[in-house]
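Counting convention: from 1, in listed order, for ligands and their atoms alike.
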Amino acid sequence: MTSKQTGVAEAIAGAILTIDLAALRENYRILKNRLGGVACAGVVKADGYGLGVDAVANALANEGCDSFFVAQLSEALVLRNALKGHAAIHVLNGLAPGSEIHAAEAEITPVLNCLEQIADWARLAQRLGRRLPAVLQVDSGMSRMGLAPSEVDQLAAEPARLAALDIRLVMSHLACADEPGNDANDLQRASFDHLRTLLPNVKASLANSSGVFLGSEFHYDLARPGAALYGINPTPGTRNPMRPVVRLEAKVVQTREIGDGVGIGYGYASRARATMRLATISLGYADGWHRRAMGSAFFNGNRLPFAGRVSMDSIILDITSLAPGALKPGDLVELIGPNQTIDEVAAHAGTIGYEILTGLGPRFHRRYIGG
Ligand SMILES: *Cc1c(COP(=O)(O)O)cnc(C)c1O
């Protein structure tokens, strides 16, 4: 297995983030399988959900993915440079007024979310004397982004507004895809189907990761998974069908023994109830580990509960259960990995795996394996 290394050098880093590109590619294949013959894009916004957009997008491209979605134009321009070839790169948030020319020059396809974005992109197309590619997003019931039904009616009445554009796709986004029993999913699908009849007859896209698992009626012509590619469970509450992609390990800084009653960490939020052995590790809330996430670390499969509060740059572990001397400075303990999934870490923090992944900090040594 080749291993590419970026970020802080391993010898001097406090923590190591290992990203398994072979598992990422397998997750893409798992989703493709689910989709039957339907095409599958890769959502790589927020630096590939924090894992490094260059490595992630190229791994997906090697798996045959030729359509990518990011949130912002700045991300699209980085991705255009990182990818060889002519993959379609879409900007979900559309283009801020005045930024259109930069998208056109880099052959970026905006997702147009309102009549103003359509007008601005069409005006540029006229000025350049060529039709520009675009995706239309409709709001099928999330109230976040996309053309409102009244705007879709206006477009239907005045199709000339789209004449300068090459509309490639009509899309929408599900608000409750991770709740298969929620009526909102079928209601949004019905609304999407209605709004599509008023627009150019082009390909359609509705499903994010969880949407892929709602059934083939949600698949349309193109799925847009992000989270599931990175190992987050797209079917919360049931077995995770995806392979884990991320492993996070932190180095032990020092170990100590303390006596009964001694305070541990800020505010003495915990105190020893007997003689205890502790290890302090090089990872804290500045690295994206939420201060309120009182989880555990693992060493050779042994659970090492946090003792006291999470600090900015360190966490104290209770290692009393280990044999004395079993854990030494420089040893690595696991924070995310086979013993503790991203989704479990998220549950400790009262959030979702998406926020954990995208919050992982810049001080790690990043090791890419399986590339
Ligand atoms: C982020 C996003 C996706 C990907 O969602 P996941 O839940 O990560 O699969 C798809 N479509 C849109 C519009 C998004 O904003």
Hey, does the Lys NZ or Arg CZ of R34 hover above the aromatic six-ring of F213, less than 6.0 Å from the centre and inside 45° of the axis? no

Measure from NZ or CZ of R196 to the centre of the six-membered ring of F192 and say whether it is under 6.0 Å with the direction within 45° of the ring axis. yes

Begin from the C-alpha positions of N58 and N62 and carry the test side-chain hydrogen bond (donor to acceptor under 3.5 Å, both in side chains) through to its verdict. CA-CA 6 Å; N58 278 294; N62 288 335; 6.0 Å; no

Quick check for students: name every N or O atom pair between ligand 1 and the protein closer than 3.5 Å, with distances.
residue: ligand 1; atom: 7 (O); partner: N208; partner atom: ND2; Å: 3.0
residue: ligand 1; atom: 7 (O); partner: Y354; partner atom: OH; Å: 2.5
residue: ligand 1; atom: 8 (O); partner: Y49; partner atom: OH; Å: 2.5
residue: ligand 1; atom: 8 (O); partner: A227; partner atom: N; Å: 2.8
residue: ligand 1; atom: 9 (O); partner: S209; partner atom: N; Å: 2.8
residue: ligand 1; atom: 9 (O); partner: S209; partner atom: OG; Å: 2.5
residue: ligand 1; atom: 9 (O); partner: G226; partner atom: N; Å: 2.8
residue: ligand 1; atom: 11 (N); partner: H173; partner atom: ND1; Å: 3.3
residue: ligand 1; atom: 11 (N); partner: R224; partner atom: NE; Å: 3.1
residue: ligand 1; atom: 11 (N); partner: R224; partner atom: NH2; Å: 3.1
residue: ligand 1; atom: 15 (O); partner: K45; partner atom: NZ; Å: 2.7
residue: ligand 1; atom: 15 (O); partner: R144; partner atom: NH2; Å: 3.1

Can you tell me how far apart CG (N233) and OG (S209) are? Round to the nearest 0.5 Å. 10.0 Å

Could you measure the distance from the CG atom of L360 to the CG atom of L51? Nearest 0.5 Å is fine. 7.5 Å

Residues pairing under side-chain hydrogen bond (donor to acceptor under 3.5 Å, both in side chains) where one sits in residues 311-322, two or more places apart or in two chains, turn out to be D313-R363, D318-T320

